[in-house]
Amino acid sequence: MTNSQETPQNPRLPLTLQLGNATAEEQQRLMASIFAHTQEGIVITDAEATIVEVNHAFCELTGYSREEVIGHNPRLLQSGHHSPEIYAALWQALLDQGHWQGELWNRRKDGRMIAELMAIWAVKDLCGAITHYIGIFSDITASKQSEQRLQQMAYHDALTRLPNRVLLLDRLQKEIARTDRQDILLAVCYLDLDGFKPVNDLLGHVAGDQLLIMVADRLRHCIRESDTVARLGGDEFVVLFADLTRVEECHNTLDRLLRVLAEPYTVSNQSVEVTASVGVTLCPQDGGDADTLLRHADQAMYLAKQTGRNRYVLFDAEHDRQIRAHRDQLSRIDTALDTGELRLYYQPKVDMYRGTVIGAEALVRWQHPERGLLPPSEFLPVIEGHILMVKLDHWVFTEALRQMACWHMQGLRFAISVNVSATTLQQAGFPDWLAALLAAHPQVPPQALELEIVETIALDDLGRVLPVIQRCITLGVGFALDDFGTGYSSLTYFRRLPVRTLKIDQSFVRNMLVDTEDMTIVEVVINLAQTFQRAVIAEGMETALHGAALLRLGCHCAQGYGIARPMPPEAFPEWARGFTQHPLWAAGMAFEGVLLINVEAEHRTWVGQVDDFVHGTLPYAPLINDDQCCRFGRWYSQQGLLRYGHLATFQTVEPLHRQFHQLAQELIGLHTTDASAALARLAELYAVCDALIEHLYRLQKELLAP
Ligand code: C2E
Ligand code: MG
Ligand code: MG
């Protein structure tokens, strides 16, 4: 509705007009002639909007005779096309500005709609009071209809007459904005027919088109007025369910929609069946813009196809976010590799028995421009199993070889171990690549390079990995089995893998002094290595005391914070020059001290088990060796007695130790006959254990004193 620029003082139909020197009577006649013959309909009402006069054109355009409308309100022509607000605005403009102009759809007497370009004025008397309203209008139905046809063509699909992508996007944007303002849900459903192509191929395109029209009709019937169904092209449709309050409403409607679409269709006198796969994304949970929502719904639709068709799948916004984040991380790591942000650190490996540095393990780091130096746990899991892992491994090997060559030229003949991923070992071309790298560094003997593979990974693809490992071995490089003890079926695979070294996993080494089971595992792995004639090295050696325990168990080589943390290459030669053997590792020294620490762990574990048993939380009686058979008992009655039997502190341990074992067995037995008596004596066992440990520490101090 546009307002006229003309004012009531300058109306298009002047009531007083000076026509040359025509008389008032001539003017009157002229005016009447214009009124009678003009092509535009004219209606004149009084101040109360009752029609007092209409012209001939009015009667022609509306189909009403003069007599039928005089005395009536123009409301009689209303079509119901416009809302009451439009008429209210019209009257408001007439009252405020004295005129209104705009387009109105009215209804002719025969019921047909007519589009009118209408201008209305209020006519006032000399005192400014409204005396009449004059309306003048022309019929613009034809141009309106062609405009509508153009609109229809621009915004609708010609075949199904459903909104097309342009109109869909417009509506989608409006609906998204509405979900922002109101507490409502919008479901964007991307729909693709299953089995449409065969209909098109077998029955022809005309039948295909018929089918699409029928599908469009069924879709139209499944939705409410506030919803939108659009055709994107081919057999792809989009339905927008607006104004949802709960997700369940969407589920119900989609169930119905799938059922309705799956009903048989008759095209070209044949019955055909098609179903639909639907992908759905919900706004505002999915906070994307219109294009993104459509893309997400499309992705979910593919999932619906893949998982069996004739179904709908909800887009998982969180899952998608994770996938995109992962893709970003991959590309960031790739860039880091290309721009030289990765570093290799070196953690020394030593022979504790001889007191020498045997080499180092190369460990990758990321010197991140914002986040600082990152450990591999921050980025390796992201590329695990991805081809980028191969790129990283190649970089590590290249850098390690360059560094080794550099050290070798300075006379520093360190052996370096490099971690290699299963992904790289699965590349059949890896041995050739490594051969070329070694050939490019003739200063480095291949024997100085060791490849560490992780036991758990080695299990996965042994068939593919074994030939690669064997070809690498022919180049002269060695292999170590990393993190040994953490995988499963260790023995079987260990036997098949041609590794020369076992690396005991740090988790066992770390707790071996306080956890007897870990101590046992370390012991078993060392024995295993010796039995199969492999070298063994312990990683995660955090204190010199751990080293002493390892030495006692027969493992001479170690790596860990107790020796040195991983360091940049420039620091390594100096560190190696300054390395000295820890006094605890000098042959035979640490043996007892370590043993005693372990005794504490073992005996306290037993006390805990007895406690649980008499309280009823351990369902079976704990197995406790007697004082002759426990680890400490064996040492005490053999080597201990031989070496320290003369010491008073040594002698007084024995009765305490026996008392401990006897009391523990007694309480276990008592629990079955008199549970409360066993409970009452529990404190006694704790006290004896404390006394034993205290005594052992006194002995340890005495033995270790220089
Ligand atoms: P790994 O090969 O078992 O390396 C030993 C890890 O234990 C290193 O962690 C090292 O810093 C850490 N470590 C050494 N001694 C101690 C100790 O006494 N206490 C404790 N708590 N930790 C100790 P890092 O450097 O974080 O590496 C973690 C893992 O990432 C490595 O385990 C290895 O599997 C992998 N990795 C590291 N660098 C590379 C690489 O260049 N290529 C590949 N493919 N993997 C690598
Ligand atoms: Mg390693
Ligand atoms: Mg390891």
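Each residue takes its place number in the sequence, starting with 1. Just follow the structure's listing: the first ligand is 1, and inside any ligand the first atom is 1. Every value quoted in this text rests on a predicted model; they were computed, and no experiment measured them.
- Environment of OH in Tyr302: sparse, with no more than 12 heavy atoms of neighbouring residues, nucleotides or ligands closer than 6.0 Å.
- For the residue pair Gln322 and Glu318, a side-chain donor N or O sits within less than 3.5 Å of a side-chain acceptor on the partner.
- The part of Arg365 lying near ligand 1 is the side chain, judged by heavy-atom distances below 4.0 Å.
- The Mg ion (ligand 2) is closest to atom OD2 of Asp482 (considering only N, O or S atoms).
- Annotation for ligand 1: atoms under 4.0 Å from non-hydrogen atoms of Glu539 are 3 (O), 5 (C).
- Between Asp432 and Arg471 there is a salt bridge, since a side-chain N of the basic residue sits under 4.0 Å from a carboxylate O of the acidic one.
- The atoms of ligand 1 that sit less than 4.0 Å from any heavy atom of Arg510 are 21 (N).
- Sorting the N, O or S atoms of Asp483 by how far they are from the Mg ion (ligand 3) puts OD1 first.
- Nearest N/O/S atom of Glu452 with respect to the Mg ion (ligand 2) is recorded as OE1.
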Review point. Taking it one step at a time, do Asp286 and His296 satisfy side chain to side chain donor-acceptor pair (under 3.5 Å)?
Key: CA-CA 9 Å; Asp286 184 347; His296 288 170; 2.6 Å; yes
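- Where the criterion is an N or O separation shorter than 3.5 Å, residue side chain and backbone included, Val364 meets it with respect to ligand 1.
- Contacts with ligand 1 closer than 4.0 Å are made by side-chain heavy atoms of Met389 only, the backbone lying farther away.
- A salt bridge links Glu361 with Lys503; the closest basic N to acidic carboxylate O contact falls under 4.0 Å.
- Just one of Glu654, His661, Gln659 meets the side-chain hydrogen bond (donor to acceptor under 3.5 Å, both in side chains) condition when paired with His657; it is His661.
- Within Glu361, the N, O or S atom at minimum distance from the Mg ion (ligand 2) carries the name OE2.
- Residue Gly645 comes nearest to Gln651 through the heavy atom pair O-NE2, 2.8 Å, listed as atom of the first residue, atom of the second, then distance.
- Between the His615 side chain and the Asp611 main chain, a donor and an acceptor come within less than 3.5 Å of each other.
- Every heavy atom of Arg565 sits 4.0 Å or more from the atoms of ligand 1.
- For the Mg ion (ligand 2), the N/O/S atoms of Asn419 include one lying under 2.8 Å.
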